[in-house]
Amino acid sequence: MPHTSTPKPEPPAHPSAAAPDAAAQGLTATEREQIGRRARALWQEEGCPQGRDRELWAQAELQVLKSRTALRDGR
C-alpha cells in the first residue's frame with residue numbers, strides 16, 4: 001500500500017502580500033505599494049498576528065488615503 005502524505009498547510013499570508021480584491025479597486029500601483037508597506041509595518045507593530053491581514057490592510061489603506069486627501073486639500 002503506497003504511503004500518502006498529508007499536505008502541509010500554507011504559511012499565513014502577511015498584510016503586505018497582496019491587497020484584498022475589493023480594496024484594490026481604484027488604487028494606483030503606487031498607492032497599493034504605500035498601503036502594503038504601511039500594512040506590513042502595522043503587522044510587525046502588532047507582533048505579526050495571524051488572521052488579521054484584511055483588518056490591518058484596511059487600517060493601512062485608511063491611513064494612506066487619509067494622508068493623501070489631507071495633502072491634496074492642503075492640510
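All values below were derived from every heavy atom in this structure, side-chain atoms included, with hydrogens, water molecules and symmetry-related copies excluded.
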K.L.:
Indicate yes or no: at least one non-hydrogen side-chain atom of Ile35 is less than 4.5 angstrom from one of Trp57.
P.N.:
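A side-chain contact under 4.5 Å exists here.
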K.L.:
Minimum heavy-atom separation for Leu42 and Ala60, please, with both atom names.
P.N.:
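Heavy-atom minimum between the residues: CD1-N, 3.8 Å.
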K.L.:
State the NZ-CD distance between Lys66 and Gln63, to the nearest 0.5 angstrom.
P.N.:
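Rounded to the nearest 0.5 Å, the NZ-CD separation comes out at 8.5 Å.
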K.L.:
Report the residues that fulfil side chain to side chain donor-acceptor pair (under 3.5 Å) with Gln44, sequence neighbours left out, ordered by chain and then residue number.
P.N.:
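Scan of Gln44 (side chain to side chain donor-acceptor pair (under 3.5 Å), adjacent residues dropped) gives none.
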K.L.:
What residues form a side-chain contact (heavy atoms from CB on, under 4.5 Å) with Leu65, not counting sequence neighbours?
P.N.:
Leu27, Glu31, Glu61, Arg68
K.L.:
Enter the distance from Arg40:CZ to Leu56:CG here, rounded to the nearest 0.5 Å.
P.N.:
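CG of Leu56 is found 12.0 Å from CZ of Arg40.
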K.L.:
Just jot down the salt bridge (Lys or Arg N to Asp or Glu O under 4.0 Å) partners of Glu46, sequence neighbours excluded, or say none.
P.N.:
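Glu46: salt bridge (Lys or Arg N to Asp or Glu O under 4.0 Å) contacts with Arg52.
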K.L.:
Going from CD on Gln34 to OG on Ser67, what distance comes out if it is rounded to the nearest 0.5 angstrom?
P.N.:
7.0 Å
